[in-house]
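Okay, structure first, notes after.
What you are looking at is a predicted structure, and each value in this text was computed from that prediction instead of being measured. Only this structure's heavy atoms are used, side chains among them; waters, hydrogens and symmetry mates stay out. Order of appearance sets the numbers: ligands from 1, and atoms from 1 within every ligand.
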Amino acid sequence: MGYIEVFGVMHLAALCSALAYEDVTSMLMDNVPTSAPPTENQTIYVTSMSRNIFPTSEASTETPTSEASTETQTVYEPPVPSLQLQSPWWDVFPFEKADFGCSVNSSSDWIFIWYRNGQRLYDVDQNVSSNLSNQAALTITAESQAQSGKYSCKAHHEVKGESIHSNLIELKVYANKPKPMLVLNSKWQKMFPGESVTFQCVMNISFGWHYLWYQNDKQIHGSLENSFRIISLTVSDSGRYYCKAKRGQNPFYTEQSETSMLEVSEPPTPTMKLRTSWSDVFQMESVELICDVGRPNWTITWHRNGMALQEDPALVLSFGGSLLNITSASRAHGGRYACKAHLESRGVSSDFSKTTSVTVYENIPKPSLSKDPVLTSMYVGENVTFTCKVHVGSGWVYHWFKDEKKLVATDKTLRIKLGPHDEGIYWCKATRGQRTATDISERVTQEVLEIPLPSLMRSSQWADVFPTESVTLSCTMVNSSGWTYTWHRDNRVIPSDDAVSFGPDGATLSIRSASTSHEGQYCCWGKLKDRAVSSNCTSGMTLRVYDNKPIAKLGQDPEDVVMHTGDSVSYSCHINQSSGWEYVWYQNDIRLSVSGNNYTIRSVDKTNTGSYKCEAVRGRTTRIFKTEQSQALRLQVEERPSANIMVLTGWSEVFSTDSLVLMCEVKGSEEMWTFKWFMEGQWIMNSTSDKYTVTPQNDPVQSQYICQGIQSGRPSYSQRSDALATKNLLLKRRVLLSISGCILFGIVAVFFGCVVLRVTRRKADHFEGPEEAELFLTMAQLKDRDDAPCPLVDYITDEKLNDLAKEEADIICSEETPLSVTSQDDQVVTTESCEKPPAQEGALVSFQH
Ligand SMILES: *[C@@H]1O[C@H](CO)[C@@H](O)[C@H](O)[C@H]1NC(C)=O
Ligand SMILES: *[C@@H]1O[C@H](CO)[C@@H](O)[C@H](O)[C@H]1NC(C)=O
Ligand SMILES: *[C@@H]1O[C@H](CO)[C@@H](O)[C@H](O)[C@H]1NC(C)=O
Ligand SMILES: *[C@@H]1O[C@H](CO)[C@@H](O)[C@H](O)[C@H]1NC(C)=O
Ligand SMILES: *[C@@H]1O[C@H](CO)[C@@H](O)[C@H](O)[C@H]1NC(C)=O
Ligand SMILES: *[C@@H]1O[C@H](CO)[C@@H](O)[C@H](O)[C@H]1NC(C)=O
Ligand SMILES: *[C@@H]1O[C@H](CO)[C@@H](O)[C@H](O)[C@H]1NC(C)=O
Ligand SMILES: *[C@@H]1O[C@H](CO)[C@@H](O)[C@H](O)[C@H]1NC(C)=O
Ligand SMILES: *[C@@H]1O[C@H](CO)[C@@H](O)[C@H](O)[C@H]1NC(C)=O
Ligand SMILES: *[C@@H]1O[C@H](CO)[C@@H](O)[C@H](O)[C@H]1NC(C)=O
Ligand SMILES: *[C@@H]1O[C@H](CO)[C@@H](O)[C@H](O)[C@H]1NC(C)=O
Ligand SMILES: *[C@H]1O[C@H](CO)[C@@H](O)[C@H](O)[C@H]1NC(C)=O
């Protein structure tokens, strides 16, 4: 079967209207398969202006062939109905509609009968709609391919009869919905932003299409053009694409095409790396930069500070332009470098890579050398750090020198734990690469000292002390300051407590009140403040603390408790421990103003009687340490026994002998004495006898005699006797005889003189009675003994007599002058002086008168 275009049908209809009815019918019969019987499934459509001619039930039983044959013709010239396809398409897809219209030109009241492939269609199907106008319409909703076929219509008039067949219009119904084909017109799977792509939606079936474009199930575009171009892609254009087509008022949509993926991604950003070790360089150094995009066929361009690099002999590109070698840097080469990748074949350019700054320094700097700590002098064992620093550039290798010799270290810092050999002058320099080296730095001097040993001294005097005494030790670093000190006793750190305190920085250790727990070996060591410098402990200083207070020991020499006046006694006080003592003496617990460990009394008297003690003290006034007091020693001082010298030779014997017997007597003692005799102060003999005989032979001159008792026991001697003077004994008698008268007169004169003196004496003298009595008694005795010798009578002169009268009165009346004249041995004349011992001679003279 051929296809006839819609507009062609219109022309054909016009042509046909002029032909004879039979001709048209026969022509139609050629085309319509008359042999085809109606089937059950045959839908019959009937339209009329007023009514349905056939009920639906009849239509199923009636056959079009029988009806056609029963039609009766009238005389009216039959009109030729005109069939038009009113919808645009003669080929339709499932559920698309096709509208036919059938019309006749003449007057009204026509009903229309429809045919497909010559078979009448009945209006049994609601999909065939009738129209009461004279232009009847048939609407076909495509459902199956069976609806394909050649359609025609006839008009029927009650009066005029039936028309001939109209023109034929063939309708094609496709079995399936069509599916367009999407063609993505691009050479590459991956697109870059800015590139363009064209999609084509190919519908090679039917026509009248309107194309719809979808991205990710969302419609993005619709047009009559079957191609869709995205001129400048963006990343958001990536996605799943498909297309559809539609047509018609009440649109018919095709299936969606297969999907196509479109991938739009940014071009890769190249990465730039510095191939050389540093990007800050000195002139003449080289810098290598490498740019990597990670894909083949991309080319690299280089930029400095955002501008493409210009030709420059110092810039060498290699590895297809991906390596930039600044072979010899100059100031102009400084800047921020970046690279860009290009895919020239597609006109795609990447972003700039990250930039790398290249700095070109003009001058090579001098390194600065610093030292920590800054001290020039340091001690052995301390750490010192030298730091060499080049303030610009990086990648330096440092070289260290000490006293012109290179050290192995290459770090920026040089750390040394100082030893004695590390003293010296240090400097450094820095290099990098083959070409760049700095000058040498400043020179820094390092001195290394041995750690000094502090000197430990005792401020208190004694290394051996007694409980409660105080001790002060001091620790000092000579000529060095800033130390703190720590103290050890017997290798253990001494804690500070009540008894032990430390001075500022521990420089002194004070034991306020020593006890035996403080005994030991003391040493101290110093540490420098804020530094790790510690000295050794000094050599030990021993402190001895005695268990107890010492007791002073008192000795006496001689040891006798009883001493006699004039004896010498010596005490000594003794402490057998430690030293530095000062001694304090007590008599009867009263402190004596005596110092020294010996206390000697050269000549004791009665006041020295008492109890003696001593003690020892030492220490400064604030903290005086006293020993226990010594035992007490008693001293008893007694009067030394006196000796009396007497003349034994009696008055009567003077005439019969020329010798004189002297006797010595020690009073107040029962001891066995021996006697010591002195003549004129000169020792003459010892004698066990108490008698001594003076003869003209052994004493031709008149001498004085003194005796003294001695013994082996105590007291070892007595007092010396008074001196006794002897005269030429042979002259005694003569003298006595010649001047006896004178003696009498003298006595009387003296007597009266004395009476006168007595009257004038003061009352105070009254108690001296006994002596007065003795005096008178003596005078009476003297009167009786007018024969007593008066040895000096020969020397008396008249001139002397006047003086004597006065002297005599004084002598005789002196109460202090006991004239001891033995009453029984009347010849003895005691020559004790009236006034003073030196006036012995005078006394005798006065006696003569
Ligand atoms: C009617 O149509 C149905 C389905 O289209 C088919 O199965 C049946 O055979 C048809 N009947 C006739 C008589 O053609
Ligand atoms: C008739 O057309 C209606 C919609 O217009 C449709 O739903 C129905 O299936 C059609 N019937 C047949 C027999 O084609
Ligand atoms: C009948 O024809 C008239 C005029 O051509 C039209 O307006 C109307 O819609 C038609 N009715 C049907 C049911 O086709
Ligand atoms: C339409 O084109 C497709 C592919 O180009 C082809 O397979 C198909 O047969 C064509 N259809 C028609 C009706 O030409
Ligand atoms: C790169 O370019 C060369 C020649 O220009 C070509 O042969 C090659 O296929 C390209 N490679 C890619 C991955 O585009
Ligand atoms: C870059 O230039 C320097 C100086 O001319 C040269 O020593 C070096 O080898 C070059 N680097 C490369 C990768 O060619
Ligand atoms: C010196 O440094 C070493 C190592 O850093 C450390 O162990 C030592 O304690 C330091 N010495 C001093 C005295 O600071
Ligand atoms: C400390 O004493 C030890 C041993 O006697 C000695 O080796 C060391 O050098 C001394 N240290 C100091 C700082 O004097
Ligand atoms: C301490 O310094 C003085 C003066 O500077 C010096 O005479 C003395 O020798 C020094 N003593 C020590 C132990 O270094
Ligand atoms: C004290 O006397 C003792 C013996 O009596 C003597 O050895 C010592 O030297 C004397 N000391 C003084 C300071 O006189
Ligand atoms: C006399 O006695 C004294 C004291 O006892 C003695 O020192 C002296 O030696 C004695 N002289 C003679 C000659 O015996
Ligand atoms: C219908 O009448 C018009 C004039 O009214 C005429 O032009 C047309 O050709 C006629 N058509 C037919 C089929 O008779």
Starting from [atom], which protein heavy atom do you reach first, and at what distance in Å?
{"atom": "atom 12 (C) of ligand 6", "value": "Asn325 ND2, 3.2 Å"}
{"atom": "atom 8 (C) of ligand 7", "value": "Asn383 ND2, 3.7 Å"}
{"atom": "atom 1 (C) of ligand 8", "value": "Asn536 ND2, 1.4 Å"}
{"atom": "atom 13 (C) of ligand 8", "value": "Ile451 CB, 3.7 Å"}
{"atom": "atom 7 (O) of ligand 6", "value": "Arg435 NH2, 4.8 Å"}
{"atom": "atom 9 (O) of ligand 6", "value": "Glu288 OE2, 4.4 Å"}

* Asked: Around atom CG of Asp530, are there more than 12 heavy atoms of other residues, nucleotides or ligands at under 6.0 Å?
  -> no
What are the atoms of ligand 6, with element, lying closer than 4.0 Å to any heavy atom of [X]?
{"X": "Thr327", "value": "2 (O), 4 (C), 5 (O)"}
{"X": "Leu323", "value": "13 (C)"}
{"X": "Arg275", "value": "13 (C)"}

* To do: Over 60° means perpendicular and under 30° means parallel, so classify the ring planes of Phe199 and Phe228, tilted if in between.
  => parallel
* Asked: When the ring planes of Tyr612 and Tyr599 are compared, do they come out parallel, tilted or perpendicular, using 30° and 60° as the limits?
  -> tilted
* For the residue pair Phe192 and Trp298, is the inter-centroid distance of their aromatic rings smaller than 6.0 Å? -> yes
* Is the Phe466-Trp581 ring centre distance short of 6.0 angstrom? -> yes
* To do: Give the numbers and elements of all ligand 7 atoms closer than 4.0 Å to a heavy atom of Gly381.
  => 13 (C)
* Can the SG atoms of Cys339 and Cys291 be said to lie under 2.5 Å from each other? -> yes
* Interatomic spacing from CD1 in Ile575 to CD in Glu615 - rounded to 0.5 Å -> 9.0 Å
* Determine, counting only non-hydrogen atoms of the protein, whether one lies under 4.0 angstrom from atom 5 (O) of ligand 7. => no
* If only atom types and distance count, is the side chain of Ser238 paired as donor or acceptor with the main-chain N or O of Val264 below 3.5 Å? -> yes
